[in-house]
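Remember, it's a predicted structure, so these values are computed and weren't measured experimentally.
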There are 2 protein chains.
Amino acid sequence: MASNGNRLDEAARAAWLYYVAGNTQDQIAAKLGVSRQSAQRLVSLAVSEGLVNVRIDHPIASCLDLARRLKERYSLSFCEVVPSDPASESTTLGVSQAAAVEIERWLRKEEPIIMALGTGRTLKAAIEQLPPFECPQHKVVSLTGNISPDGSAAYYNVVFTMADTVKSRSFPMPLPVFASSQTERTMLHNQAMIRPTLELAGKADVTFVGIGDFGPQAPLLVDGFISKEELDELQAAGAVGEIVGWTFDSEGRLIEGITNDRVASAPLPDPKTSSVIAIAMGQKKLPGIRAAIKGGLINGLITDERTADALLN
Amino acid sequence: MASNGNRLDEAARAAWLYYVAGNTQDQIAAKLGVSRQSAQRLVSLAVSEGLVNVRIDHPIASCLDLARRLKERYSLSFCEVVPSDPASESTTLGVSQAAAVEIERWLRKEEPIIMALGTGRTLKAAIEQLPPFECPQHKVVSLTGNISPDGSAAYYNVVFTMADTVKSRSFPMPLPVFASSQTERTMLHNQAMIRPTLELAGKADVTFVGIGDFGPQAPLLVDGFISKEELDELQAAGAVGEIVGWTFDSEGRLIEGITNDRVASAPLPDPKTSSVIAIAMGQKKLPGIRAAIKGGLINGLITDERTADALLN
DNA sequence: CTTTCGGCTGAGCAAATACTCATCAATCAG
DNA sequence: CTGATTGATGAGTATTTGCTCAGCCGAAAG
């Protein structure tokens with residue numbers, strides 16, 4: 001749609017006049033020859049389309065301090081803490097922006113890298129913050145299958161979302177998230193189309209993942225990947241969190257059997273040889289985050305002030 | 001002042017809650033435990049301190065097109081065009097932000113680079129847009145002296161401004177802008193403290209400069225570097241623009257004699273071996289910009305829509 | 001100890017902005 | 001061709017923001 005592009009152009013122009021040039025919407029309306037309301041709509045469109053990117057260039061002392069202490073205490077190689085909004089229950093607010101900045105930083109590199117991506121709401125929100133740009137030198141590979149139990153494309157598989165805005169070479173994983181049995185998983189993983197992707201995932205320079213909790217609203221349950229019975233069984237076995245479907249207990253040890261036999265996801269890249277950065281915040285995820293750190297599943301964390309504080313106590 | 005730092009912390013937090021979390025100032029006030037007015041003041045402080053950085057992630061088609069045509073027509077290796085605010089007479093609005101982004105892009109590189117900086121209001125405005133960060137691997141060298149005719153530090157010498165926010169190795173040029181004679185210049189340039197700096201400037205990987213005009217408000221005149229008589233003489237000799245004090249005619253050829261014999265600035269780095277990017281916009285500067293491009297003094301340009309349009313016609 | 005001064009604060013108000021709703025135009029299926 | 005649907009528009013209005021001004025507090029000077 002040319003009209004759509006033009007509209008976004010106009011929106012960008014209006015947003016530019018508003019945020020950069022500091023015009024009022026009245027002035028913008030006059031300059032663009034539209035009504036004041038339309039100008040307001042253009043600005044708000046630009047905002048809602050994510051064209052407007054605000055960053056605060058000030059390391060808030062308390063956040064820096066929390067990040068430093070987390071890094072020290074848990075030997076993390078990367079940690080970023082964003083301010084909390086005390087009133088908000090969102091599990092993405094703030095961390096998604098910070099994650100987007102970090103993801104962009106990696107993708108802006110000139111030498112080719114391999115980036116692996118997990119799945120989940122938090123990560124999806126982060127990807128949606130990315131500005132469009134081109135980096136054909138990089139490879140972005142999904143750690144998890146993109147097929148829902150009902151056969152449709154998994155909504156929270158983020159590689160596709162990313163491909164919409166960032167032009168890199170994408171490697172989705174054309175698999176279900178869980179195989180029906182360990183045997184089937186082996187078979188699936190041996191497919192000629194899958195194997196290279198799995199190998200690529202193993203060689204990732206950097207990995208971004210979300211962490212799923214095992215409360216009553218566990219994402220694996222809500223999205224229909226596991227049944228209530230399986231959830232109960234996992235909880236009984238001590239499950240506190242999950243990364244791309246790999247379930248682990250409070251010590252960060254993968255739980256044997258149950259669902260981990262059937263997860264079709266690639267194994268998590270080894271944090272010893274690459275950066276594995278989790279993006280997670282919120283009370284619910286706390287046990288999972290703590291466990292993932294303790295078990296050395298991850299070596300990087302992007303979280304918020306409140307969660308950081310809780311992790312230290 | 002700890003209070004000052006705390007205040008900026010609070011300002012950053014308020015700005016974060018406002019711009020990123022989307023709170024109203026009332027909500028922020030409640031959360032930070034201050035009055036609404038104070039919250040408003042914190043937000044506006046954050047804005048005026050430059051903590052808040054807005055960027056519009058949308059290439060406005062017409063600007064992209066102008067940039068492309070400029071690059072083609074004049075064989076520029078870099079060109080960026082920002083939207084114009086039709087009502088504003090500013091010669092920095094927009095281009096300073098765009099220049100800051102480009103400068104930051106260079107400084108974020110991991111491998112060490114040498115960046116040379118010119119002088120002037122436009123460049124200073126750009127430097128002021130830079131967020132604070134550290135890049136000790138780079139060297140930033142001034143092309144011009146930093147001593148005003150009256151002996152004070154030249155206000156528009158930007159290396160110091162930059163050193164305030166960006167931690168790189170800085171090389172100011174402890175010289176006047178103009179020597180009193182050609183002989184004195186030779187002598188000054190042969191000083192042991194100056195020579196390495198000059199050599200560094202000659203090896204710059206990237207150079208950012210402003211362009212001065214020769215109208216009645218010529219910056220060289222306004223800042224007291226040259227007299228009205230010298231200005232008249234230069235104009236009579238065909239001067240249309242000036243970069244770090246080097247005056248050139250409408251073909252971009254340096255004007256022999258008069259002031260060019262005495263400019264203590266380093267010679268402009270050769271655009272064949274490095275990027276020499278001019279930041280300039282506005283009707284007044286048009287002849288100077290055109291000449292600098294024509295004469296091959298620069299190979300990169302950051303300007304605004306209106307100026308770009310005029311350059312193409 | 002008092003005075004002065006600079007900066008901070010809150011109240012009130014004007015301006016700017018965002019939202020809702022009814023209307024209108026264009027597109028598309030039948 | 002007609003009716004339905006979608007999306008844009010302008011008016012009116014509520015909310016939010018920014019500005020000015022008078023008062024206040026504490027630090028520094030006398």
Identify the pairs formed between an N or O of the protein and an N or O of nucleotides 11-13 of chain C at a distance under 3.5 Å, and give each distance.
residue: C/dA11; atom: N7; partner: B/Gln37; partner atom: NE2; Å: 2.6

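Straight-line distance from the CG atom of B/Leu45 to the P atom of D/dG18: 13 Å, rounded to whole Å. Nucleotide C/dT17 holds its C1' atom 11 Å from the CD1 atom of A/Ile28, rounded to whole Å. The distance from atom CG of B/Leu42 to atom P of C/dC8 is 11 Å, rounded to the nearest whole Å. Rounded to an integer number of Å, the gap from CD of A/Gln40 to C1' of D/dA8 is 14 Å. Atom OH in B/Tyr19 sits roughly 13 Å away from atom C1' in D/dT16 (whole-Å rounding). Note: CD (A/Gln25) to C1' (D/dT15) measures 14 Å, nearest angstrom.
Applying the 4.0 Å criterion to OP1 and OP2 of D/dG10, one finds that A/Ser35 has a side-chain N or O inside that range. For A/Ser38 and D/dG10, the shortest distance from a side-chain N or O to OP1 or OP2 is below 4.0 Å. At the phosphate of C/dA16, neither OP1 nor OP2 sits under 4.0 Å from any side-chain N or O atom of A/Tyr18.
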* Could you walk me through whether B/Asp223 and B/Arg121 pass the salt bridge (Lys or Arg N to Asp or Glu O under 4.0 Å) test, one step at a time? => CA-CA 11 Å; B/Asp223 295 341; B/Arg121 289 153 179 79; 2.8 Å; yes

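Minimum interatomic distance between B/Ile302 and B/Ala98 (heavy atoms only, all atoms of both residues): CG2-CB, 4.0 Å. For the pair B/Gly22 and B/Gln27, the tightest heavy-atom approach, listed with the atom from each and the gap, is O-OE1, 4.5 Å.
Heavy atoms of other residues, nucleotides or ligands lying less than 6.0 angstrom from CD of B/Gln283 number 12 at most.
Between the B/Gln25 side chain and the B/Ala39 main chain, no donor and acceptor come within less than 3.5 Å of each other.
Side chains of B/Thr122 and B/Lys285: a donor-acceptor N/O pair is present below 3.5 angstrom, by distance only.
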